[in-house]
Amino acid sequence: MKLTRNGIKDTAAWKAAGIRLPEYDVEAVAARTRENPVWVHFGAGNIFRIFIGGLADKLIAKGEMDRGITCVETFDFDVVDKIYTPYDNLVLAVTLKADATTEKEVYGSLTEAIKAQSSVPEYWNRLKEIFANPGLQMISFTITEKGYALRNAAGDFFPFIQADIDNGPDKAGSAMAVVCALLAHRFATCKAPLAVVSMDNCSHNGEKLRGSILTMAQEWEKKGFVSPEFVAYVSDEAKVSFPWSMIDKITPRPADSVCEELTKAGVEDIAPVITGKRTYIAPFVNAEGPQYLVIEDRFPNGRPPLEKAGVYMTDRDTVNMTERMKVTTCLNPLHTAMSVNGCLLGYTRICEEMKDEDIVKLIRRLGYVEGLPVVVDPKIMSPKAFIDEVVEQRLPNPFMPDDPRRICTDTSQKVGIRFGETIKSYIAEGRDLNSLVAIPLAIAGWMRYLLALDDNLEPMEVSADPMKDELQAQLAGIEAGKPETYKGQLRPILANANIFGSDLCAIGLADKIETIFVEELAGKGAVRATLKKYLA
């Protein structure tokens, strides 16, 4: 049983293994897509393959679409060579259910995989051909928030972005330059409208994407590479729109247990690979069942009927409210709070943390008691029902091999939204900041986590974070197990509104965080004891 177009022709073997195959002609869909593509996606990783690819698969199976998605990888080209090409772009999607069962199906909706390399004529000419097609309706993205960044902390262009600006569209290297160059080619050839849709998990994603593309276009105009008319085309959302979206689906790295299950079922050559850029990826993708995608319905050249696959199509304000609901109250704050504390307590799986009475008390207080009173209600879904599903089904799912260390990555870039927005809401509504307990525990826990010693005072790895070195340097001199070594080192960090969204010293929340932090320094077991004390 090989995961190839030829291999899935032996339908009986796959059926016997409990793996659903496409009920449409995969090769015919691929041929139609290649001839007249309607949807191109940048960022060919796991959440795209199982979630967005799954949406397209469902629409094709229902007869609502007759073409699939053209996939473009912008960062790790090994993904195309090792995961797409050898498997004829098929995806084996494995849904991990809380009742210990798995649902397995093959998607044939990803019809072509292209490397975003302007230096390789084969790929670059193919991309230009696609963008010159007036029938192309939308391009979408899951390239992470970092993929939209053009400038460093000082406000200067990154060297690779400056090189793209200096070299012009024909030598584009970064994702934003590649997309801007292809839009310039579309303008030069057909001037047809297009929707440019970020599906990345970040606030105001469409605004970020539009800003980066426009900046690139304007910089190229200054150097004479593109015309003012092109800049006007990209600036006009009646022609090139940048819809906002909210996406939610927990998609951990490929699990060994899933690989073993598939191998035992008879699927060959299914093992994960680690690429040259350290991407851990496999021919299969495993993820939870619950998923949400809310998109601003602004598509000037038409669109697939995404709502028929469960996507919420709505207005920008509703997208914004849904995203705020998730990232400031209902999921992301809970994830961060339980992960920094979970790492300190020795956990390596999110689901195991959900058996810990103190962790569960922490996130329940954070979500229901502190978050819900000030939550933004988007109306299209219930915030309380969303948290209920997170706490009762998603986080405890024992077959979701998610790791708190993954969640702890880039925490400095997240706390301003995940905790800072609720703090701002309390201030705006005149609520008592002293009533907050879970948020100070989470922030103090993150500071304690940065000391790189767990609650047994054993060395512990701290996940990657762009501010890790700077923050750890500011914490210098503090020793876990020796509270007397604390000399106020936290205060400059807590006063940094760039991190937390507010100066926590100025608003009076820093004292409580400091007190908790010092208590967590008391010795072995101090983190556990502090959680118990404050959550009693």
Side-chain angles (χ1 to χ4, degrees), residues 1-44 48-73 79-81 83-94 103-115 122-123 125-140 190 192 194-195 197 267-270 283-285 299 301-311:
M1 292 168 61
K2 289 185 179 293
L3 186 64
T4 62
R5 289 179 188 169
N6 191 53
I8 62 172
K9 290 178 180 176
D10 181 7
T11 56
W14 292 86
K15 184 177 181 180
I19 302 171
R20 186 184 70 79
L21 295 177
E23 296 178 357
Y24 52 85
D25 187 333
V26 173
E27 293 181 0
V29 167
R32 281 194 296 270
T33 308
R34 187 174 181 88
E35 186 174 347
N36 282 300
V38 293
W39 185 352
V40 172
H41 186 91
F42 291 83
F48 160 66
R49 294 163 68 212
I50 196 166
F51 190 175
I52 313 306
L55 296 176
D57 184 83
K58 183 180 290 187
L59 291 172
I60 296 167
K62 287 181 172 182
E64 299 289 351
M65 279 174 61
D66 64 355
R67 282 160 285 180
I69 304 176
T70 303
C71 316
V72 183
E73 178 53 36
V79 169
V80 173
D81 293 332
I83 296 300
Y84 278 79
T85 303
Y87 301 94
D88 293 336
N89 308 326
L90 298 175
V91 179
L92 180 41
V94 181
E103 184 178 284
K104 300 177 282 290
E105 50 191 325
V106 173
Y107 296 157
S109 56
L110 309 184
T111 56
E112 186 177 4
I114 307 168
K115 300 175 188 179
E122 174 191 353
Y123 304 133
N125 290 337
R126 175 57 183 151
L127 285 169
K128 289 168 78 172
E129 178 186 9
I130 290 168
F131 272 72
N133 190 322
L136 182 65
Q137 295 179 331
M138 64 182 286
I139 61 174
S140 52
C190 69
L194 191 67
V197 190
V267 185
E268 301 175 38
D269 301 325
I270 207 72
F284 66 91
V285 186
F299 289 76
N301 204 30
R303 62 169 175 80
L306 298 169
E307 66 279 3
K308 294 184 179 179
V311 179

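All residue numbers refer to positions in the sequence shown, counting from 1.
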[X]: side chain to side chain contact (heavy atoms under 4.5 Å, CB included) partners, not counting sequence neighbours:
X	answer
Ala17	Met1, Ile19, Ala265
Thr4	Lys2, Asn6, Asp88
Glu129	Arg126
Lys15	none

Next on the checklist: Considering only residues two or more places apart or on different chains, which pairs with a residue in residues 51-65 satisfy side chain to side chain donor-acceptor pair (under 3.5 Å)?
Outcome noted: Arg20-Asp57, Tyr24-Asp57, Glu64-Lys308
For residues [X] and [Y], report the shortest heavy-atom separation together with the two atoms involved.
X	Y	value
Asp269	Tyr87	O-OH, 2.5 Å
Pro22	Gly108	CG-N, 3.9 Å
Val40	Phe42	CG1-CE1, 3.8 Å
Ala56	Ile69	CB-CD1, 3.7 Å
Ala309	Leu55	O-CD2, 3.4 Å
Gly68	Ile60	CA-CD1, 3.9 Å

Next on the checklist: Taking side chain to side chain donor-acceptor pair (under 3.5 Å) as the definition, give me every residue that meets it alongside Arg32, ordered by chain and number, with sequence neighbours left out.
Outcome noted: none
Checking the side chain of [X] only, and the main-chain atoms of [Y] only, is there a donor and an acceptor separated by less than 3.5 Å?
X	Y	result
Arg49	Ala93	no
Thr33	Val29	yes
Tyr84	Cys71	no
Arg67	Asn36	yes
Ser140	His41	no

Next on the checklist: As a quick check of understanding, evaluate side-chain contact (heavy atoms from CB on, under 4.5 Å) for Val26 and Leu90, giving each step before the final call.
Outcome noted: CA-CA 9 Å; Val26 173; Leu90 298 175; 4.2 Å; yes
Checklist entry - Testing Ile139, Leu306, Thr70 for side-chain contact (heavy atoms from CB on, under 4.5 Å) with Trp39, which one passes? => result Leu306
Taking the side chain as everything from C-beta on, heavy atoms only, tell me whether [X] gets closer than 4.5 Å to [Y].
X	Y	result
Asn301	Leu194	no
Val80	Thr85	yes
Phe51	Val285	no
Phe299	Met138	yes

Checklist outcome for this item: Rounded to the nearest 0.5 angstrom, the CG-CG distance for Asn89 and Leu3 is 10.0 Å
Checklist outcome for this item: dist Glu268:CD -> Ile270:CD1 (nearest 0.5 Å) comes out at 10.0 Å
